[in-house]
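Read the structure below first, then the notes.
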2 protein chains.
Amino acid sequence: MIRDLLLGRSRFKDFLASPEGIPTNILSERLSRLLEHRVVTQVPATSGGRHLAYRLTKKGEALGAIILAMRDWGLVWEKGTRAGLVPMQVT
Amino acid sequence: MIRDLLLGRSRFKDFLASPEGIPTNILSERLSRLLEHRVVTQVPATSGGRHLAYRLTKKGEALGAIILAMRDWGLVWEKGTRAGLVPMQVT
DNA sequence: CGGTATCCACATTGATACTG
DNA sequence: CAGTATCAATGTGGATACCG
């Protein structure tokens with residue numbers, strides 16, 4: 001999920017669509033906790049629309065370093081680790 | 001515990017003595033799993049003695065990068081994070 | 001000292017149904 | 001679409017007692 005956010009995904013449905021197959025209740029609870037710890041914030045998904053999108057805060061973006069370190073470790077030391085995650089464009 | 005190993009601690013009792021206060025059964029089970037995944041290996045603690053010590057493998061040492069990334073994140077973003085961990089001397 | 005063996009408490013997960 | 005509400009299943013952790 002954090003990975004999804006780092007990849008630029010931001011909508012509830014995007015997270016649901018991820019290959020893990022997370023149930024809505026779990027996703028919802030996790031988002032609450034991330035909001036609580038200010039790792040993500042909510043922003044309007046579309047201008048004027050009623051739906052919300054989730055964006056990483058600076059604090060959340062900083063987690064990228066950890067995720068990348070884990071990814072690298074996996075690629076080097078664990079067979080079968082796939083490298084889907086590429087650092088996001090800072091556009 | 002990985003942190004302890006990175007700091008050069010290697011004995012069962014050393015891990016037990018850590019401030020977390022881990023019970024023997026949990027510690028034992030975790031060491032088994034780390035052995036299984038070849039993150040640690042067993043070596044004789046004293047030459048000739050019957051006791052064992054645990055040492056990180058290369059794979060295990062590589063986890064240091066992740067631990068440090070987490071430590072750094074904590075120091076920057078979470079108040080009250082203490083910085084006990086300093087990278088080990090490569091002697 | 002370095003573990004095993006029990007047993008219980010609690011947190012996390014997951015499936016599923018329902019709602020504004 | 002974006003959740004909330006239940007409930008059962010599983011995992012993980014912790015206390016404690018015991019053993020070679």
Side-chain angles (χ1 to χ4, degrees), chain A residues 1-57 60 63 66-67 70 73-74 78 80-82 84, chain B residues 1-57 60 63 66-67 70-71 73-74 78 80-82 84-85:
Chain A
M1 232 203 67
I2 299 281
R3 175 204 60 205
D4 285 340
L5 284 160
L6 287 166
L7 288 170
R9 287 176 198 127
S10 64
R11 298 284 298 275
F12 198 87
K13 62 167 170 150
D14 297 331
F15 306 139
L16 282 181
S18 276
E20 288 82 9
I22 190 172
T24 59
N25 56 346
I26 307 283
L27 175 56
S28 174
E29 187 231 346
R30 285 188 190 169
L31 285 169
S32 303
R33 279 156 65 174
L34 291 171
L35 284 165
E36 208 179 298
H37 291 280
R38 309 200 185 283
V39 170
V40 300
T41 34
Q42 293 174 323
V43 296
T46 60
S47 63
R50 60 199 167 80
H51 287 304
L52 293 169
Y54 295 87
R55 278 229 333 251
L56 290 171
T57 59
L63 288 172
I66 300 175
I67 309 273
M70 296 196 301
W73 184 88
E78 287 294 328
T81 302
R82 296 186 313 143
Chain B
M1 230 203 67
I2 299 281
R3 175 204 59 206
D4 285 341
L5 284 160
L6 287 167
L7 287 170
R9 285 174 200 128
S10 64
R11 298 284 297 276
F12 198 87
K13 61 166 172 155
D14 297 331
F15 306 140
L16 283 181
S18 277
E20 288 83 7
I22 190 172
T24 59
N25 58 345
I26 308 282
L27 174 56
S28 174
E29 187 230 347
R30 284 187 190 169
L31 284 170
S32 305
R33 278 156 65 174
L34 291 172
L35 284 167
E36 206 180 300
H37 291 281
R38 309 202 184 281
V39 170
V40 300
T41 35
Q42 293 174 324
V43 296
T46 61
S47 61
R50 60 197 167 81
H51 288 307
L52 294 169
Y54 296 87
R55 280 226 334 250
L56 290 171
T57 59
L63 288 172
I66 300 175
I67 309 271
M70 295 196 300
R71 186 202 67 156
W73 185 88
E78 285 295 326
T81 301
R82 295 186 313 143
L85 183 58

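By convention in this document, chain letters (A, B, ...) are assigned in the order of the sequence lines, proteins followed by strands, and residues within each chain are numbered from 1.
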Subject >> Test item: L56(A) and L63(A) side chains (from C-beta on) under 4.5 Å apart, heavy atoms >> reply: no
Original post:
In chain order, what residues pass the side chain to side chain donor-acceptor pair (under 3.5 Å) check against R11(B), with sequence neighbours excluded?
Top reply: none
**OP:** Rounded off to whole Å, could you give me the CG-to-C1' distance for the L27(A) and dT12(C) pair?
**Re:** 15 Å
Original post:
Can you tell if the side chain of L5(B) reaches within under 4.5 Å of the side chain of F15(B), non-hydrogen atoms only?
Top reply: yes
Subject >> Validation row: M1(A), L31(A) side chains within 4.5 angstrom (heavy atoms) >> reply: yes
Original post:
Under 4.5 Å between any side-chain heavy atoms of W73(B) and E78(B), yes or no?
Top reply: yes
Original post:
Taking CD from E20(A) and P from dG14(C), how many angstroms apart are they, rounded to a whole number?
Top reply: 10 Å
**OP:** Starting at atom CD of E29(A), determine the distance to atom P of dT16(C), rounded to an integer number of angstrom.
**Re:** 20 Å
Subject >> OP1 or OP2 of dG2(C) under 4.0 Å from side-chain N/O of R11(B) >> reply: yes
**OP:** Return the angle between end axes of the helix from dC1(C)-dG20(D) to dG20(C)-dC1(D), with five pairs used per end and rounding to 10°.
**Re:** 40°
Subject >> Phosphate OP1/OP2 of dG13(D) contacted by R30(B) side-chain N/O (<4.0 Å) >> reply: yes
Subject >> Between dG3(C) (C1') and Q42(B) (CD): distance, integer Å >> reply: 11 Å
Subject >> Any side-chain heavy-atom pair of R3(A) and M70(A) under 4.5 Å >> reply: no
**OP:** Assess whether one donor atom and one acceptor atom, taken from the side chain of N25(B) and the base of dT6(C), lie less than 3.5 Å apart.
**Re:** yes
Subject >> Exam field: side chain T57(B) to backbone R38(B), donor-acceptor pair closer than 3.5 Å >> reply: yes
Original post:
Nearest-Å distance, CE (M1(A)) to C1' (dT13(C))?
Top reply: 15 Å
Original post:
In whole angstrom, what separates I22(A)'s CD1 from dG3(D)'s C1'?
Top reply: 13 Å
Original post:
Of the nucleotides dT13(C), dG2(C), dA15(C), which one has an atom closest to the side chain of P23(A)?
Top reply: dA15(C)
Subject >> side-chain N/O S28(A) vs dT4(D) OP1/OP2, d < 4.0 Å >> reply: yes
**OP:** Could you pick out which residue, R50(B) or L52(A), lies toward the 5' side of DNA chain D when each is mapped onto its nearest nucleotide?
**Re:** L52(A)
**OP:** Just call it for F15(B): base, sugar-phosphate, or nothing, with non-hydrogen atoms closer than 4.0 Å on any strand.
**Re:** nothing
Original post:
Rounded to whole angstrom units, what separation is found between the CZ atom of R33(A) and the C1' atom of dT12(C)?
Top reply: 8 Å
Subject >> Spacing of H51(A) atom NE2 relative to dA2(D) atom P, expressed in whole Å >> reply: 5 Å
